[in-house]
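Accompanying notes for the structure given below.
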Amino acid sequence: MERIRERVIQIYGNLVSLLRKCIFCILSVGPIPNHIAFIMDGNRRFTKKCKLMKGAGHKVGFSALMSILKYCYEFGVRYVTVYVFSIENFKRSPEESIVNRYGVRVIFSGNLKLLSEPVRLAAERAMLATDKNSKAVLSICVAYTSTNEIMHAVQESCEEKWDEITILNSSGAGYGLISLGGYEQDEMDHLIKLNDIEKHMYMAASPDPDIIIRTSSETRLSNFLLWQSANCYLYSPSVLWPEIGFRQFLWAILNFQRIHFYLDKQRQQS
Amino acid sequence: MPFSLHFSPTPLITAPSPLSKPSFLVPYYHTLHAPKSPLCFSMEHALTHQGKQEAFDLRPEDSQTLPLGLRRDAMPSHVAVIMDGNRRWARLRDLPVRSGYEAGVESLRKIVEICCKWGIKVLSVFAFSSDNWFRPKVEVEFLMSLFERGMQEDTGIFFRENIRISVIGDLTKLPKALQELMVNLEEATKNNTLFQLIVAVSYSGHYDVVQACQRLALKAKCGLIEPSDINVSLMEQELETNCTEFPHPDLLIRTSGEFRISNFMLWQLAYTELYFAQSLWPDFGEAEFLKALLAFQQRQRRYGV
(Lines give C-alpha, C1' and ligand atoms only; values in the text may rest on other atoms or scores of the structure.)
Protein backbone atom coordinates (compact mmCIF):
# COMPACT_ATOMS: atom_id res chain seq x y z
CA MET A 1 0.00 0.00 0.00
CA GLU A 2 2.85 2.28 1.01
CA ARG A 3 4.70 1.50 -2.23
CA ILE A 4 1.61 2.26 -4.30
CA ARG A 5 1.26 5.61 -2.50
CA GLU A 6 4.89 6.47 -3.16
CA ARG A 7 4.52 5.50 -6.80
CA VAL A 8 1.45 7.71 -7.18
CA ILE A 9 3.28 10.64 -5.61
CA GLN A 10 6.22 10.07 -7.93
CA ILE A 11 4.00 9.94 -11.03
CA TYR A 12 2.17 13.07 -9.88
CA GLY A 13 5.52 14.84 -9.32
CA ASN A 14 6.70 13.86 -12.78
CA LEU A 15 3.47 15.06 -14.39
CA VAL A 16 3.73 18.42 -12.63
CA SER A 17 7.33 18.74 -13.70
CA LEU A 18 6.43 17.87 -17.29
CA LEU A 19 3.60 20.40 -17.32
CA ARG A 20 5.96 23.06 -15.96
CA LYS A 21 8.50 22.31 -18.67
CA CYS A 22 5.75 22.61 -21.33
CA ILE A 23 4.75 25.98 -19.97
CA PHE A 24 8.39 27.10 -19.98
CA CYS A 25 8.72 25.93 -23.59
CA ILE A 26 5.79 28.09 -24.61
CA LEU A 27 7.03 31.08 -22.59
CA SER A 28 10.51 30.87 -24.02
CA VAL A 29 9.10 31.97 -27.39
CA GLY A 30 9.08 35.42 -25.78
CA PRO A 31 11.99 37.17 -24.04
CA ILE A 32 13.50 35.42 -21.03
CA PRO A 33 14.62 37.69 -18.20
CA ASN A 34 18.36 37.57 -17.71
CA HIS A 35 18.30 38.53 -14.04
CA ILE A 36 15.57 38.29 -11.39
CA ALA A 37 16.02 39.66 -7.86
CA PHE A 38 13.96 38.64 -4.83
CA ILE A 39 13.28 40.41 -1.56
CA MET A 40 12.28 37.52 0.67
CA ASP A 41 9.83 39.31 2.94
CA GLY A 42 7.34 37.60 5.21
CA ASN A 43 9.02 34.68 6.97
CA ARG A 44 8.29 35.98 10.44
CA ARG A 45 4.73 36.92 9.53
CA PHE A 46 4.25 33.41 8.16
CA THR A 47 5.42 31.95 11.47
CA LYS A 48 2.88 34.08 13.32
CA LYS A 49 0.12 33.44 10.82
CA CYS A 50 0.49 29.65 10.96
CA LYS A 51 1.23 29.69 14.70
CA LEU A 52 4.51 27.86 14.20
CA MET A 53 7.53 27.70 16.44
CA LYS A 54 10.09 30.48 16.17
CA GLY A 55 12.33 29.98 13.16
CA ALA A 56 9.97 27.60 11.38
CA GLY A 57 8.92 30.33 8.96
CA HIS A 58 12.52 30.71 7.85
CA LYS A 59 12.80 26.96 7.23
CA VAL A 60 9.70 26.97 5.05
CA GLY A 61 11.00 30.12 3.39
CA PHE A 62 14.22 28.33 2.59
CA SER A 63 12.30 25.55 0.80
CA ALA A 64 10.38 28.19 -1.09
CA LEU A 65 13.69 29.72 -2.14
CA MET A 66 14.94 26.36 -3.44
CA SER A 67 11.76 25.92 -5.51
CA ILE A 68 12.02 29.42 -6.94
CA LEU A 69 15.67 28.87 -7.84
CA LYS A 70 14.68 25.64 -9.59
CA TYR A 71 12.02 27.50 -11.66
CA CYS A 72 14.46 30.30 -12.52
CA TYR A 73 17.26 28.06 -13.67
CA GLU A 74 14.92 25.64 -15.47
CA PHE A 75 13.42 28.52 -17.40
CA GLY A 76 16.84 29.84 -18.34
CA VAL A 77 17.25 32.84 -16.06
CA ARG A 78 21.03 33.19 -15.71
CA TYR A 79 21.28 35.54 -12.74
CA VAL A 80 19.28 35.38 -9.55
CA THR A 81 19.84 37.72 -6.61
CA VAL A 82 18.28 37.36 -3.20
CA TYR A 83 18.16 39.94 -0.43
CA VAL A 84 18.84 38.38 2.92
CA PHE A 85 17.17 40.75 5.37
CA SER A 86 18.32 38.91 8.39
CA ILE A 87 21.00 36.38 8.91
CA GLU A 88 18.22 33.94 9.95
CA ASN A 89 17.31 33.68 6.29
CA PHE A 90 20.68 32.43 5.61
CA LYS A 91 21.68 29.93 8.20
CA ARG A 92 21.83 27.15 5.59
CA SER A 93 23.62 27.35 2.26
CA PRO A 94 21.85 26.53 -1.01
CA GLU A 95 21.35 22.82 -1.51
CA GLU A 96 24.21 21.17 -3.30
CA SER A 97 21.85 19.38 -5.69
CA ILE A 98 20.58 22.66 -7.13
CA VAL A 99 24.02 24.23 -7.32
CA ASN A 100 25.49 21.20 -9.07
CA ARG A 101 22.53 20.39 -11.32
CA TYR A 102 22.33 23.89 -12.77
CA GLY A 103 26.03 24.81 -12.58
CA VAL A 104 25.37 27.72 -10.25
CA ARG A 105 28.14 29.99 -9.08
CA VAL A 106 27.37 31.44 -5.65
CA ILE A 107 28.48 34.99 -4.88
CA PHE A 108 28.01 36.89 -1.64
CA SER A 109 27.51 40.62 -2.25
CA GLY A 110 27.79 43.18 0.48
CA ASN A 111 30.14 44.48 3.10
CA LEU A 112 31.33 41.03 4.16
CA LYS A 113 33.68 42.53 6.74
CA LEU A 114 30.58 43.22 8.86
CA LEU A 115 29.74 39.51 9.10
CA SER A 116 30.83 37.42 12.04
CA GLU A 117 33.91 35.29 11.46
CA PRO A 118 32.19 31.87 11.07
CA VAL A 119 29.57 33.26 8.68
CA ARG A 120 32.16 35.07 6.58
CA LEU A 121 34.31 31.96 6.39
CA ALA A 122 31.32 29.83 5.37
CA ALA A 123 30.49 32.38 2.68
CA GLU A 124 34.03 32.38 1.37
CA ARG A 125 34.07 28.58 1.31
CA ALA A 126 30.83 28.48 -0.69
CA MET A 127 32.19 31.04 -3.16
CA LEU A 128 35.40 29.09 -3.61
CA ALA A 129 33.61 25.77 -4.04
CA THR A 130 31.40 27.10 -6.82
CA ASP A 131 33.94 29.36 -8.46
CA LYS A 132 34.27 27.16 -11.54
CA ASN A 133 30.53 26.98 -12.24
CA SER A 134 29.51 29.15 -15.13
CA LYS A 135 25.98 28.32 -16.27
CA ALA A 136 24.16 30.51 -13.77
CA VAL A 137 24.86 32.87 -10.89
CA LEU A 138 23.23 33.19 -7.49
CA SER A 139 24.05 36.45 -5.71
CA ILE A 140 23.22 36.49 -2.05
CA CYS A 141 23.08 40.04 -0.69
CA VAL A 142 24.09 39.91 2.92
CA ALA A 143 25.34 42.80 5.10
CA TYR A 144 24.16 44.85 2.17
CA THR A 145 22.39 48.14 1.69
CA SER A 146 22.27 49.90 -1.63
CA THR A 147 23.25 53.30 -0.23
CA ASN A 148 26.29 51.70 1.34
CA GLU A 149 27.07 50.03 -1.99
CA ILE A 150 26.81 53.32 -3.91
CA MET A 151 28.81 55.21 -1.31
CA HIS A 152 31.50 52.55 -1.32
CA ALA A 153 31.64 52.66 -5.14
CA VAL A 154 31.91 56.47 -5.07
CA GLN A 155 34.71 56.24 -2.52
CA GLU A 156 36.61 53.69 -4.60
CA SER A 157 36.13 55.77 -7.77
CA CYS A 158 37.48 58.87 -6.03
CA GLU A 159 40.48 56.96 -4.71
CA GLU A 160 41.17 55.44 -8.11
CA LYS A 161 40.93 58.83 -9.87
CA TRP A 162 43.08 60.41 -7.18
CA ASP A 163 45.77 57.78 -7.75
CA GLU A 164 45.59 58.27 -11.53
CA ILE A 165 45.92 62.04 -11.27
CA THR A 166 48.77 61.75 -8.78
CA ILE A 167 50.65 59.48 -11.20
CA LEU A 168 49.93 61.80 -14.14
CA ASN A 169 51.08 64.82 -12.18
CA SER A 170 54.30 63.21 -11.07
CA SER A 171 55.09 62.46 -14.72
CA GLY A 172 54.23 66.03 -15.72
CA ALA A 173 51.25 65.07 -17.87
CA GLY A 174 48.56 66.07 -15.41
CA TYR A 175 48.74 69.84 -15.89
CA GLY A 176 45.40 71.52 -15.57
CA LEU A 177 43.81 68.60 -13.83
CA ILE A 178 44.47 69.80 -10.34
CA SER A 179 43.53 73.31 -9.38
CA LEU A 180 42.64 75.02 -6.19
CA GLY A 181 39.48 76.98 -5.67
CA GLY A 182 36.77 77.08 -8.34
CA TYR A 183 36.24 74.52 -11.09
CA GLU A 184 34.66 74.33 -14.54
CA GLN A 185 32.14 71.95 -15.97
CA ASP A 186 34.69 70.37 -18.36
CA GLU A 187 36.99 69.57 -15.52
CA MET A 188 34.16 67.88 -13.63
CA ASP A 189 33.23 65.80 -16.68
CA HIS A 190 36.76 64.48 -17.02
CA LEU A 191 36.84 63.30 -13.49
CA ILE A 192 34.41 60.45 -13.03
CA LYS A 193 31.81 58.92 -15.27
CA LEU A 194 28.94 56.51 -14.69
CA ASN A 195 30.98 53.46 -15.73
CA ASP A 196 33.72 54.36 -13.26
CA ILE A 197 31.24 54.12 -10.41
CA GLU A 198 29.41 51.04 -11.72
CA LYS A 199 32.50 48.89 -11.87
CA HIS A 200 33.04 49.35 -8.14
CA MET A 201 29.57 48.22 -7.12
CA TYR A 202 29.28 45.03 -5.02
CA MET A 203 26.85 43.80 -7.69
CA ALA A 204 29.18 44.56 -10.61
CA ALA A 205 29.39 40.85 -11.53
CA SER A 206 25.69 40.77 -12.46
CA PRO A 207 23.77 42.80 -15.04
CA ASP A 208 20.89 45.02 -13.88
CA PRO A 209 17.85 43.01 -12.83
CA ASP A 210 14.93 42.69 -15.23
CA ILE A 211 12.44 41.97 -12.45
CA ILE A 212 12.51 42.67 -8.71
CA ILE A 213 9.97 40.61 -6.78
CA ARG A 214 9.13 41.54 -3.20
CA THR A 215 6.59 39.38 -1.39
CA SER A 216 4.06 40.33 1.28
CA SER A 217 2.52 43.18 -0.74
CA GLU A 218 5.18 45.61 0.47
CA THR A 219 5.91 48.04 -2.34
CA ARG A 220 9.22 49.52 -1.38
CA LEU A 221 12.82 48.66 -2.15
CA SER A 222 14.14 48.92 1.41
CA ASN A 223 17.57 49.97 0.23
CA PHE A 224 17.98 47.03 -2.17
CA LEU A 225 19.49 47.45 -5.64
CA LEU A 226 18.48 51.11 -5.86
CA TRP A 227 21.11 51.91 -8.48
CA GLN A 228 20.35 48.81 -10.54
CA SER A 229 16.55 49.09 -10.40
CA ALA A 230 16.37 52.20 -12.59
CA ASN A 231 14.42 50.55 -15.40
CA CYS A 232 13.32 47.24 -14.02
CA TYR A 233 9.84 45.84 -13.50
CA LEU A 234 8.75 45.83 -9.85
CA TYR A 235 6.33 43.14 -8.77
CA SER A 236 4.92 42.77 -5.26
CA PRO A 237 2.59 39.79 -4.87
CA SER A 238 0.50 39.67 -1.75
CA VAL A 239 1.73 36.22 -0.63
CA LEU A 240 4.28 35.93 2.14
CA TRP A 241 7.68 34.62 1.07
CA PRO A 242 7.16 31.00 2.27
CA GLU A 243 3.92 30.92 0.25
CA ILE A 244 5.46 32.00 -3.05
CA GLY A 245 4.97 29.47 -5.82
CA PHE A 246 4.90 28.81 -9.52
CA ARG A 247 1.82 30.98 -10.04
CA GLN A 248 3.57 34.16 -8.87
CA PHE A 249 6.65 33.28 -10.89
CA LEU A 250 4.55 32.80 -14.04
CA TRP A 251 2.73 36.10 -13.50
CA ALA A 252 6.00 37.97 -13.13
CA ILE A 253 7.37 36.47 -16.35
CA LEU A 254 4.21 37.24 -18.33
CA ASN A 255 4.23 40.88 -17.23
CA PHE A 256 7.92 41.19 -17.91
CA GLN A 257 7.40 39.91 -21.45
CA ARG A 258 4.56 42.38 -21.97
CA ILE A 259 6.74 45.43 -21.25
CA HIS A 260 10.09 44.05 -22.34
CA PHE A 261 10.25 45.66 -25.76
CA TYR A 262 9.68 49.16 -24.38
CA LEU A 263 12.16 48.73 -21.52
CA ASP A 264 14.82 47.39 -23.85
CA LYS A 265 14.47 50.46 -26.07
CA GLN A 266 14.85 52.70 -22.97
CA ARG A 267 18.00 50.90 -21.90
CA GLN A 268 19.59 51.19 -25.33
CA GLN A 269 18.87 54.90 -25.45
CA SER A 270 20.31 55.63 -22.01
CA MET B 1 5.75 70.31 -15.09
CA PRO B 2 4.88 73.82 -13.83
CA PHE B 3 1.20 74.60 -13.81
CA SER B 4 -0.57 77.10 -16.05
CA LEU B 5 -3.17 79.61 -15.05
CA HIS B 6 -5.39 78.86 -18.03
CA PHE B 7 -8.57 77.29 -16.78
CA SER B 8 -10.16 75.15 -19.46
CA PRO B 9 -13.96 75.48 -19.69
CA THR B 10 -14.37 72.01 -21.24
CA PRO B 11 -13.85 69.14 -18.85
CA LEU B 12 -10.61 67.32 -19.56
CA ILE B 13 -11.41 64.46 -17.25
CA THR B 14 -13.87 61.91 -18.63
CA ALA B 15 -14.57 60.05 -15.42
CA PRO B 16 -16.98 62.17 -13.38
CA SER B 17 -16.11 62.59 -9.78
CA PRO B 18 -17.73 64.70 -7.08
CA LEU B 19 -14.29 65.86 -5.97
CA SER B 20 -13.08 66.98 -9.39
CA LYS B 21 -14.55 70.50 -9.15
CA PRO B 22 -11.75 73.02 -8.92
CA SER B 23 -11.51 74.35 -5.41
CA PHE B 24 -9.61 77.56 -6.05
CA LEU B 25 -11.41 80.86 -5.74
CA VAL B 26 -12.69 83.21 -8.46
CA PRO B 27 -9.95 85.60 -9.64
CA TYR B 28 -9.14 88.34 -7.15
CA TYR B 29 -6.11 90.08 -5.68
CA HIS B 30 -4.56 88.54 -2.60
CA THR B 31 -3.56 91.91 -1.18
CA LEU B 32 -2.93 90.39 2.24
CA HIS B 33 -0.18 88.12 0.95
CA ALA B 34 2.73 90.37 0.10
CA PRO B 35 5.58 88.66 -1.73
CA LYS B 36 8.37 87.65 0.62
CA SER B 37 11.19 87.74 -1.91
CA PRO B 38 12.48 90.38 -4.32
CA LEU B 39 10.30 91.02 -7.35
CA CYS B 40 11.53 89.84 -10.68
CA PHE B 41 10.35 91.20 -14.03
CA SER B 42 7.72 88.56 -14.56
CA MET B 43 6.21 89.16 -11.11
CA GLU B 44 5.43 92.74 -12.10
CA HIS B 45 4.05 91.51 -15.37
CA ALA B 46 1.91 88.94 -13.56
CA LEU B 47 0.49 91.42 -11.09
CA THR B 48 -0.72 93.76 -13.81
CA HIS B 49 -2.82 91.06 -15.50
CA GLN B 50 -5.81 90.93 -13.17
CA GLY B 51 -8.04 88.82 -15.40
CA LYS B 52 -5.66 85.90 -15.36
CA GLN B 53 -4.92 85.86 -11.68
CA GLU B 54 -6.50 83.17 -9.59
CA ALA B 55 -5.62 82.36 -6.02
CA PHE B 56 -5.56 79.12 -4.14
CA ASP B 57 -7.63 78.67 -1.07
CA LEU B 58 -4.77 77.59 1.18
CA ARG B 59 -5.30 77.02 4.87
CA PRO B 60 -2.83 74.33 5.86
CA GLU B 61 -3.47 74.84 9.56
CA ASP B 62 -7.19 74.17 9.26
CA SER B 63 -7.57 70.47 9.97
CA GLN B 64 -11.15 70.50 8.74
CA THR B 65 -9.92 70.73 5.15
CA LEU B 66 -8.60 67.16 5.43
CA PRO B 67 -10.93 64.58 3.89
CA LEU B 68 -12.39 61.91 6.11
CA GLY B 69 -9.96 59.14 6.92
CA LEU B 70 -6.77 61.12 6.43
CA ARG B 71 -4.71 61.75 9.56
CA ARG B 72 -2.74 64.96 9.70
CA ASP B 73 -0.08 63.45 11.95
CA ALA B 74 0.60 60.72 9.37
CA MET B 75 0.79 62.96 6.28
CA PRO B 76 3.95 62.44 4.27
CA SER B 77 6.32 65.41 4.38
CA HIS B 78 7.63 64.79 0.87
CA VAL B 79 5.67 63.22 -1.98
CA ALA B 80 7.33 62.43 -5.30
CA VAL B 81 5.39 61.90 -8.49
CA ILE B 82 6.23 60.34 -11.85
CA MET B 83 3.65 62.01 -14.07
CA ASP B 84 3.23 59.25 -16.63
CA GLY B 85 0.48 58.90 -19.21
CA ASN B 86 0.09 62.32 -20.83
CA ARG B 87 0.74 61.07 -24.35
CA ARG B 88 -1.45 58.02 -23.92
CA TRP B 89 -4.22 60.25 -22.59
CA ALA B 90 -4.06 62.36 -25.75
CA ARG B 91 -3.91 59.32 -28.06
CA LEU B 92 -7.00 57.81 -26.42
CA ARG B 93 -8.92 61.00 -27.25
CA ASP B 94 -7.49 61.39 -30.76
CA LEU B 95 -5.84 64.62 -29.64
CA PRO B 96 -2.31 65.78 -30.48
CA VAL B 97 0.36 64.90 -27.92
CA ARG B 98 0.70 68.52 -26.83
CA SER B 99 -2.89 68.45 -25.54
CA GLY B 100 -1.86 65.61 -23.29
CA TYR B 101 1.01 67.62 -21.85
CA GLU B 102 -1.20 70.65 -21.32
CA ALA B 103 -3.77 68.51 -19.54
CA GLY B 104 -0.90 67.16 -17.44
CA VAL B 105 0.02 70.69 -16.43
CA GLU B 106 -3.55 71.31 -15.24
CA SER B 107 -3.40 68.13 -13.24
CA LEU B 108 -0.14 69.20 -11.61
CA ARG B 109 -1.60 72.53 -10.68
CA LYS B 110 -4.47 70.83 -8.88
CA ILE B 111 -2.17 68.48 -7.03
CA VAL B 112 0.06 71.35 -5.89
CA GLU B 113 -3.00 73.12 -4.52
CA ILE B 114 -4.11 69.98 -2.69
CA CYS B 115 -0.64 69.45 -1.25
CA CYS B 116 -0.61 72.98 0.13
CA LYS B 117 -4.05 72.49 1.68
CA TRP B 118 -3.33 69.12 3.22
CA GLY B 119 -0.01 70.08 4.77
CA ILE B 120 2.43 68.24 2.52
CA LYS B 121 5.65 70.24 2.65
CA VAL B 122 7.45 69.11 -0.51
CA LEU B 123 6.31 67.79 -3.85
CA SER B 124 8.86 66.53 -6.37
CA VAL B 125 7.77 65.95 -9.92
CA PHE B 126 9.62 64.11 -12.63
CA ALA B 127 8.99 66.57 -15.43
CA PHE B 128 11.68 65.53 -17.90
CA SER B 129 14.09 62.63 -17.63
CA SER B 130 17.65 62.51 -18.98
CA ASP B 131 16.31 59.67 -21.13
CA ASN B 132 13.61 61.91 -22.63
CA TRP B 133 16.13 63.82 -24.74
CA PHE B 134 15.78 60.97 -27.25
CA ARG B 135 12.14 61.80 -27.90
CA PRO B 136 11.18 63.51 -31.20
CA LYS B 137 12.73 66.99 -31.44
CA VAL B 138 9.37 68.67 -32.01
CA GLU B 139 8.01 67.15 -28.82
CA VAL B 140 11.07 68.14 -26.79
CA GLU B 141 10.93 71.71 -28.10
CA PHE B 142 7.25 71.92 -27.21
CA LEU B 143 7.97 70.72 -23.68
CA MET B 144 10.72 73.30 -23.22
CA SER B 145 8.39 76.05 -24.37
CA LEU B 146 5.66 74.70 -22.07
CA PHE B 147 8.03 74.84 -19.08
CA GLU B 148 9.06 78.39 -19.97
CA ARG B 149 5.51 79.57 -20.48
CA GLY B 150 4.25 77.93 -17.33
CA MET B 151 7.00 79.31 -15.13
CA GLN B 152 6.59 82.83 -16.48
CA GLU B 153 2.83 82.87 -16.13
CA ASP B 154 2.71 81.35 -12.65
CA THR B 155 5.44 83.39 -11.04
CA GLY B 156 2.80 85.57 -9.43
CA ILE B 157 1.20 82.56 -7.77
CA PHE B 158 4.53 81.36 -6.37
CA PHE B 159 5.22 84.70 -4.75
CA ARG B 160 1.71 85.27 -3.51
CA GLU B 161 1.28 81.79 -2.05
CA ASN B 162 4.73 81.54 -0.50
CA ILE B 163 5.77 78.60 -2.69
CA ARG B 164 9.42 77.82 -3.16
CA ILE B 165 10.51 76.46 -6.52
CA SER B 166 13.61 74.30 -6.86
CA VAL B 167 14.86 72.76 -10.07
CA ILE B 168 17.08 69.69 -10.13
CA GLY B 169 18.79 68.10 -13.10
CA ASP B 170 21.42 68.82 -15.70
CA LEU B 171 20.27 72.32 -16.69
CA THR B 172 23.17 72.82 -19.10
CA LYS B 173 21.23 70.88 -21.72
CA LEU B 174 18.26 73.24 -21.60
CA PRO B 175 17.81 76.32 -23.81
CA LYS B 176 19.69 79.30 -22.33
CA ALA B 177 16.57 81.38 -21.77
CA LEU B 178 14.87 78.58 -19.82
CA GLN B 179 18.02 78.01 -17.75
CA GLU B 180 18.13 81.66 -16.75
CA LEU B 181 14.44 81.73 -15.95
CA MET B 182 14.74 78.68 -13.72
CA VAL B 183 17.79 79.95 -11.90
CA ASN B 184 16.18 83.36 -11.32
CA LEU B 185 12.96 81.79 -10.09
CA GLU B 186 14.82 79.51 -7.71
CA GLU B 187 16.76 82.43 -6.32
CA ALA B 188 13.72 84.67 -6.04
CA THR B 189 11.58 82.09 -4.22
CA LYS B 190 14.27 80.55 -2.02
CA ASN B 191 12.94 82.16 1.16
CA ASN B 192 9.37 81.03 0.64
CA THR B 193 8.33 78.62 3.34
CA LEU B 194 4.78 77.34 2.93
CA PHE B 195 5.46 74.70 0.31
CA GLN B 196 8.30 73.57 -1.94
CA LEU B 197 7.86 72.30 -5.48
CA ILE B 198 10.91 70.48 -6.80
CA VAL B 199 10.86 70.13 -10.56
CA ALA B 200 13.19 67.50 -11.96
CA VAL B 201 14.17 68.50 -15.48
CA SER B 202 16.85 66.67 -17.49
CA TYR B 203 17.31 64.61 -14.33
CA SER B 204 17.98 61.00 -13.50
CA GLY B 205 18.94 59.14 -10.35
CA HIS B 206 22.17 58.00 -11.97
CA TYR B 207 23.03 61.56 -13.00
CA ASP B 208 22.45 62.76 -9.44
CA VAL B 209 24.82 60.22 -7.92
CA VAL B 210 27.46 60.76 -10.62
CA GLN B 211 27.44 64.54 -10.17
CA ALA B 212 27.65 64.12 -6.38
CA CYS B 213 30.59 61.79 -6.90
CA GLN B 214 32.27 64.30 -9.21
CA ARG B 215 31.87 67.06 -6.63
CA LEU B 216 33.34 64.86 -3.94
CA ALA B 217 36.22 63.90 -6.21
CA LEU B 218 36.93 67.57 -6.84
CA LYS B 219 36.87 68.28 -3.12
CA ALA B 220 39.32 65.44 -2.63
CA LYS B 221 41.54 66.83 -5.36
CA CYS B 222 41.49 70.25 -3.70
CA GLY B 223 42.47 68.66 -0.43
CA LEU B 224 39.23 69.56 1.35
CA ILE B 225 38.47 65.91 2.11
CA GLU B 226 40.15 62.54 1.82
CA PRO B 227 38.47 59.89 -0.36
CA SER B 228 38.25 57.73 2.76
CA ASP B 229 36.17 60.46 4.46
CA ILE B 230 33.33 59.90 2.02
CA ASN B 231 30.29 58.65 3.88
CA VAL B 232 26.52 58.65 3.50
CA SER B 233 26.22 62.10 5.03
CA LEU B 234 28.74 63.68 2.65
CA MET B 235 26.97 62.05 -0.29
CA GLU B 236 23.64 63.50 0.80
CA GLN B 237 25.13 66.98 0.99
CA GLU B 238 26.22 66.79 -2.64
CA LEU B 239 23.05 65.24 -4.11
CA GLU B 240 20.79 67.75 -5.83
CA THR B 241 18.05 67.12 -3.27
CA ASN B 242 20.18 69.05 -0.77
CA CYS B 243 17.92 71.98 -1.67
CA THR B 244 15.25 70.74 0.72
CA GLU B 245 14.82 69.97 4.40
CA PHE B 246 13.15 66.66 3.41
CA PRO B 247 15.34 65.08 0.72
CA HIS B 248 13.84 61.58 1.00
CA PRO B 249 10.34 61.16 -0.38
CA ASP B 250 8.00 59.34 1.99
CA LEU B 251 5.75 58.37 -0.89
CA LEU B 252 6.36 57.94 -4.61
CA ILE B 253 3.33 57.86 -6.90
CA ARG B 254 3.61 56.68 -10.47
CA THR B 255 0.57 56.95 -12.69
CA SER B 256 -0.57 54.99 -15.75
CA GLY B 257 -0.11 51.56 -14.23
CA GLU B 258 3.59 51.09 -15.00
CA PHE B 259 5.52 49.31 -12.24
CA ARG B 260 8.96 50.87 -12.42
CA ILE B 261 10.96 53.86 -11.19
CA SER B 262 12.44 54.86 -14.57
CA ASN B 263 15.66 56.27 -13.13
CA PHE B 264 14.06 58.83 -10.83
CA MET B 265 15.79 59.64 -7.53
CA LEU B 266 17.34 56.24 -6.89
CA TRP B 267 19.37 56.97 -3.75
CA GLN B 268 16.61 59.02 -2.17
CA LEU B 269 13.98 56.28 -2.64
CA ALA B 270 15.69 53.80 -0.31
CA TYR B 271 12.76 53.54 2.11
CA THR B 272 10.09 55.32 0.13
CA GLU B 273 6.67 53.70 -0.11
CA LEU B 274 5.87 53.13 -3.76
CA TYR B 275 2.32 53.54 -5.02
CA PHE B 276 1.37 52.61 -8.56
CA ALA B 277 -1.85 54.20 -9.77
CA GLN B 278 -3.69 52.85 -12.79
CA SER B 279 -5.07 56.17 -14.04
CA LEU B 280 -3.19 58.34 -16.51
CA TRP B 281 -1.64 61.53 -15.13
CA PRO B 282 -4.17 64.03 -16.56
CA ASP B 283 -6.92 61.99 -14.88
CA PHE B 284 -5.10 61.78 -11.55
CA GLY B 285 -7.15 64.14 -9.42
CA GLU B 286 -8.07 64.66 -5.82
CA ALA B 287 -9.89 61.32 -5.51
CA GLU B 288 -6.92 59.31 -6.74
CA PHE B 289 -4.49 61.33 -4.63
CA LEU B 290 -6.64 60.70 -1.59
CA LYS B 291 -6.59 56.97 -2.32
CA ALA B 292 -2.80 57.03 -2.56
CA LEU B 293 -2.44 58.91 0.73
CA LEU B 294 -4.88 56.63 2.53
CA ALA B 295 -2.94 53.61 1.28
CA PHE B 296 0.28 55.25 2.45
CA GLN B 297 -1.12 55.93 5.91
CA GLN B 298 -2.10 52.31 6.31
CA ARG B 299 1.37 51.01 5.59
CA GLN B 300 3.79 49.98 8.29
CA ARG B 301 7.14 51.53 7.59
CA ARG B 302 10.02 49.61 9.09
CA TYR B 303 13.02 51.34 7.45
CA GLY B 304 14.82 48.09 6.81
CA VAL B 305 14.30 46.61 10.25
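Below, read A as the first sequence line, B as the second, and so on, with proteins coming before strands; counting in each chain starts at 1. Hydrogens, waters and symmetry mates play no part in the numbers below; they use all other heavy atoms, side chains included.
For the set A:Ser229, A:Ala153, A:Cys158, the count of heavy-atom pairs under 4.5 angstrom toward chain B peaks at A:Cys158.
Neither the backbone nor the side chain of A:Ser146 comes within less than 4.5 Å of any heavy atom of chain B. Heavy atoms of B:Ser228 lying under 4.5 Å from chain A belong to its backbone as well as its side chain. Contacts between A:Glu218 and chain B at a heavy-atom distance below 4.5 Å involve the side chain alone, from C-beta outward. Contact of A:Ile197 with chain B is made through the side chain alone, with heavy-atom distances under 4.5 Å. Looking at B:Phe276, the atoms closer than 4.5 Å to chain A (heavy atoms on both sides) all sit in the side chain, from C-beta outward.
Looking only at side-chain heavy atoms (C-beta outward), B:Arg260 and A:Ile259 come within less than 4.5 Å of each other.
For B:Ala90, the side-chain contact (heavy atoms from CB on, under 4.5 Å) test picks out B:Leu95, with sequence neighbours left out.
Here the side chain of B:Gln214 pairs a donor or acceptor atom with the backbone of A:Ile192 at under 3.5 angstrom. Without hydrogens or angle criteria, B:His206 side chain to A:Leu194 main chain gives no donor-acceptor distance under 3.5 Å.
Identified by a heavy-atom distance below 4.5 Å to chain A, the contributing residues of residues 242-259 of chain B are B:Glu258, B:Phe259, in residue-number order.
Residue B:Trp133 places its CH2 atom among more than 12 non-hydrogen atoms of other residues, nucleotides or ligands, all under 6.0 Å distant.
Rounded to the nearest 0.5 angstrom, A:Leu221 CG and B:Thr272 OG1 are separated by 8.5 Å. A distance of 8.5 Å separates CG of B:Asn263 from CH2 of A:Trp227, quoted to the nearest 0.5 Å.
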**Item:** side-chain contact (heavy atoms from CB on, under 4.5 Å) between A:Met151 and B:Ile230, worked out
**Value:** CA-CA 7 Å; A:Met151 185 214 74; B:Ile230 293 172; 4.2 Å; yes
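A donor and an acceptor atom, one from each side chain of B:Arg299 and A:Thr219, are located under 3.5 Å apart.
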